[in-house]
Trainee: 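First, the structure itself, so that you have it in front of you.
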Amino acid sequence: MSYLDELNQSQRAAVENIYGPTMVIAGAGSGKTRVLTYRIAYMMEQGIDPYNILALTFTNKAAKEMQERIAKIGASGAMGYYGASEAKHLTMGTFHSVFSRVLRFNAERIGYPINFTIYDTQDSKSLLKDIIKELKLDDKVYKPSMVLNRISAAKNNLISADEYLANDEILAEDRMARRPELARIFKAYSERCFKAGAMDFDDLLYKMYVLLRDFPDVLGYYQQKFQYILVDEYQDTNFAQYTIVKMLAAAYENICVVGDDAQSIYSFRGANIQNIFNFKVDYPDFKLFKLEQNYRSTKNIVDAANSVIARNVDQIKKEVWTENGEGQLLNVIRTLTDNEEGKQIVNRLYDIKTQEGAEYSDFAILYRTNKQSRSFEEALRKMNIPYKIYGGISFYQRKEIKDLLAYFRLTSNHRDEEAFKRVINYPKRGIGKTTIETIVIASTNYGIPIWDLITNFQQYPVQINNSARLKIEEFATMIKSFAAQLDKLNAYELGQHIAKSSGILKELYDEKEKGPEEVERYQNIEALIGGLKEFTDSKEEVDEFASLSEFMLDVALLTDADTTDADDKNYVSLMTIHSSKGLEFPHVFLVGLEENLFPSQMALQSRTETEEERRLFYVAVTRAMKSCTLSYAATRFQWGSVTSSESSRFIDEIDAKFLHHEAPQRGQGRSLSSGMSVGRGFGGTGNGLNKSLNTPTPSPHSISQRNLKPLSSAGDGDKSTTTEYKVGYNVLHERFGKGKITKLEGQGPDKKATIFFPHHGAKTLLLRFANLTVVEE
DNA sequence: GGAGCTTCAATTTTT
DNA sequence: TTGAAGCTCC
């Protein structure tokens, strides 16, 4: 019983209330994971069979952590009859991975092959691009990423392509937005995925719903199996996830959801914060537990975060507090350039490390967008500080890895269209773009999978030349020969065989001479094969056959954060705020706090969007245990030119008594007199010394009003980004010089102007990027 | 069919 | 600045 004594009163109450609908609102740092894991341990101790427990998380990382912590409690002998070894019967994982397993098990019910492929975002976009082209639509109007977002939103709201096509309201909406063909694209996309035996990320949710909806016996089976359901990060569930959980829980209503409305940051992916607010409607007799004591951060950090989040209208009232000491104030650092920001933050980091004898792993640098990592990487490298960047391109998304995986995919699912397109001519075997296009279109016209076409040219004649046809047939024969080995060779043997016979290994080996990047590619392939070996060994240890198909099951669902850590964990972590959720660090640097970057300019359209950015800020600050440093740069170098920016509103929103504005360092504080070219003259000031040469310093905000871009500063206090432009205005463009606006079109961020420049002719430019200055005649 | 060059456009977060 | 797409020439 001892482990229960480690809990405070509300935590313990939440742990012990294992029957009936339960909602736990867990403030940042309040021991949420502890409650979840102890609850599961407690259930098992009470005699509940782990086989009947389902725990759903959003990330593999969270699932893994829970698994480990439960095993630890089990090892302490606290779980009674169902000990640690039984814990492996728990069903625990991300929505996507748990559902994908259920779907494979029941695949034939909904017409899919057991070894269906999971398309990642890249695959989906590539397929959409093809479809848009085949439908002869303008890919400027129908951008694959935009179309995918739209389709994704539909599926997350459980709307199928056919329902979309039949819904007048949606169709009218699309017509209004001048994208009337979206429905047709959606329909074609669904058909093509189905034909290819492929599901995209959203299908894993949508098809799960269809399975439970259309097959009562399946629903009944899983209701009986999952008598106890736990959902982590409930605030991030979308409508599809919400509905599925509700269906599964309907028989027993032993459902426990844990979340924090203040940390809902995934609405762009369809997450609906209302699911938390509606819990009481769905389960009127639910029990609510609030975890409000923060064990993580200093008082200053907790209170600073609270002072910001208090500005949100949408929230559940709660009081996060801490018994921890006051700690230091939050430092605010302003620098002139993004490179300078990198240097100063890293210097600061090094200072803290030396002063406190901290480890590198005690530090995290958090930013809004992945691309911001660059300046910090450079600075860290220069100082020889070990670091690791999370997110960005994951191992499994690297070109060479995807190429080899495409062979694996094609081997276990011949119909996989995206895998086919990827490797039919890689390594080069003389099958050109025209040929591939012809085949893809022909297969659509015949209404059959590409594979069926290329293995039955007699039955389905296609207009391609003979040599190409022979080469394609050769390719198909090769894939078939791989498939024939699926049951005979283990994943490692077959994987290696494919890497060799496909020619990929040789191709990459030959390119190794070219440079370090090519060497890395080759090493990545070796690493993947190493992964196959590891997988095979671990299976064979328990006397199971390790098939390549099985290895492929989860690969599409793995992300960078899931690749196992190197032995040496002592490095500084760099990541987006999104991926920092659920983590904590003694020292946090929250960088790039500038208007239009954070909050992102994409998120300023509405109150709800701005509130989400504010929650994101809240998440970031509450990652910090001991110290939190905020920084922003007055200018930023992006896509070839320098832009200036103002400090983020979120800095102003923190109650000033928790802040300490750092005195500018050397080279800082010179105000940018108007007319001076920003961005030149500052880059080269660093000569290794950090102090001296203090010039008079303006207050942190004084620069912004005088900046060089009329477009982005519309006067005191007004942080809007739009300046009024009218047809007939004379404007100045950086490159094209003076011109006259002849036409305006588009709305919001898409607003474009056609401008006639005497020396360059008429140009149509996105106002957002054009960087125009209105000038007098 | 494919390599190499030129042009053009581009900003978020991730399972 | 980066990356993708289009175009030219072998």
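Residue numbers start from 1 in every chain, and the chains themselves are labelled A, B, ... in the order their sequence lines are given, proteins ahead of strands. Not measured: the values here are computed from a predicted model.
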Trainee: With sugar-phosphate meaning primed atoms plus P, OP1 and OP2, does A/Phe95 contact a base, only sugar-phosphate, or nothing at under 4.0 Å between heavy atoms?
Mentor: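 Nothing, no nucleic acid heavy atom in range.
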
Trainee: From B/dT15, B/dT12, C/dT1, pick the nucleotide closest to the side chain of A/His96?
Mentor: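 For the A/His96 side chain, the nearest candidate turns out to be B/dT15.
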
Trainee: Strictly under 6.0 Å, is that where the ring centroids of A/Tyr390 and A/His578 end up?
Mentor: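 Ring centroids of A/Tyr390 and A/His578 are no less than 6.0 Å from each other.
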
Trainee: Can you measure A/Glu612 atom CD to B/dT14 atom C1' for me and round it to whole angstrom units?
Mentor: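 It is 13 Å, rounded to the nearest whole Å.
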
Trainee: Please name the pair of heavy atoms, one in A/Asn60 and one in A/Leu557, separated by the smallest distance, quoted to 0.1 Å.
Mentor: ND2-O, 3.2 Å

Trainee: With respect to the phosphate group of B/dT14, does any side-chain polar atom (N or O) of A/Ser579 fall under 4.0 Å of OP1 or OP2?
Mentor: yes

Trainee: Who are the ring-ring contact (aromatic ring centres under 6.0 Å, His included) partners of A/Phe95, not counting sequence neighbours?
Mentor: A/Phe58, A/Phe99

Trainee: Could you tell me how far apart A/Asp202 (CG) and B/dT15 (P) are, to the nearest whole angstrom?
Mentor: 13 Å

Trainee: Quick one: A/Leu616 CG to B/dT14 P, roughly how many Å, whole number?
Mentor: 10 Å

Trainee: Is any side-chain N of the basic residue among A/Arg615 and A/Glu612 closer than 4.0 Å to the acidic one's carboxylate O?
Mentor: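 Looking at A/Glu612 together with A/Arg615, the answer is yes, because their closest N to O distance falls below 4.0 Å.
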
Trainee: Would you say A/Asn370 reaches B/dT14's phosphate, i.e. side-chain N/O to OP1/OP2 under 4.0 Å?
Mentor: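 Checking A/Asn370 against B/dT14: at least one side-chain N or O falls below 4.0 Å of OP1 or OP2.
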
Trainee: Are A/Lys421 and A/Glu437 within salt-bridge range, i.e. N to O under 4.0 Å?
Mentor: no

Trainee: Please report the distance, rounded to the nearest Å, between CD in A/Glu378 and C1' in C/dT1.
Mentor: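 Answer to the nearest Å: 13 Å.
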
Trainee: Determine: side-chain N/O of A/Ser641 to OP1/OP2 of C/dT1, distance under 4.0 Å, yes or no.
Mentor: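 No, because none of the side-chain N or O atoms of A/Ser641 sits under 4.0 Å from OP1 or OP2 of C/dT1.
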
Trainee: Could you check which of B/dT15, B/dT12, B/dT14 has an atom nearest any side-chain atom of A/His578?
Mentor: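 Nearest nucleotide to the side chain: B/dT14.
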
Trainee: In terms of side-chain geometry, is the basic nitrogen of A/Arg429 or A/Glu474 positioned less than 4.0 Å from the acidic oxygen of its partner?
Mentor: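 Salt bridge flag = no for A/Glu474 with A/Arg429.
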
Trainee: Please write out the pairs of protein N or O atoms and N or O atoms of nucleotides 1-4 of chain B separated by less than 3.5 Å, giving the distance to one decimal.
Mentor:
from: B/dG1; atom 1: OP1; to: A/Thr435; atom 2: OG1; distance (Å): 3.0
from: B/dG1; atom 1: OP2; to: A/Thr434; atom 2: OG1; distance (Å): 2.9
from: B/dG2; atom 1: OP2; to: A/Asn425; atom 2: ND2; distance (Å): 3.3

Trainee: Hey, is A/Arg607 close enough to A/Glu611 for a salt bridge, meaning N to O under 4.0 Å?
Mentor: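 Salt bridge flag = yes for A/Glu611 with A/Arg607.
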
Trainee: Without decimals, in angstroms, what is the distance between A/Asp338 CG and C/dT1 C1'?
Mentor: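 Going from A/Asp338 (CG) to C/dT1 (C1'), I get 12 Å.
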
Trainee: Considering only B/dT13, B/dT15, B/dA10, which nucleotide approaches the side chain of A/Thr369 most closely?
Mentor: B/dT13

Trainee: Could you tell me whether A/Glu378 and A/Lys343 make a salt bridge, using a distance below 4.0 angstrom between a side-chain N and a carboxylate O?
Mentor: no

Trainee: Which listed nucleotide (B/dT12, B/dT15, B/dT14) is nearest to the side chain of A/Arg368?
Mentor: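 Of the candidates, B/dT12 comes closest.
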
Trainee: Of all of residues 132-139 of chain A, which get a heavy atom below 4.0 angstrom from DNA chain B, listed by number?
Mentor: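 None - not one residue of the stretch has a heavy atom sitting under 4.0 Å from the strand.
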
Trainee: Looking at OG1 of A/Thr237 and CG of A/Asp232, how far apart are the two atoms once the value is rounded to the nearest 0.5 Å?
Mentor: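 One gets 11.0 Å once the value is rounded to the nearest 0.5 Å.
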
Trainee: Using whole Å, report how far CD of A/Gln122 lies from P of C/dA4.
Mentor: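 Value for this atom pair: 9 Å.
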
Trainee: Is there aromatic stacking of A/Phe58 against B/dT15, centre distance under 5.5 Å, plane angle under 30°?
Mentor: no

Trainee: Atom CD of A/Gln263 and atom C1' of B/dT13: how far apart are they, to the nearest Å?
Mentor: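 Interatomic distance, CD of A/Gln263 to C1' of B/dT13: 15 Å.
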
Trainee: To the nearest 0.5 Å, how far apart are OG in A/Ser152 and CG in A/Asp200?
Mentor: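 Separation between the atoms: 7.5 Å.
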
Trainee: Nearest-Å distance, CG (A/Asp120) to P (B/dT15)?
Mentor: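 Value for this atom pair: 12 Å.
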
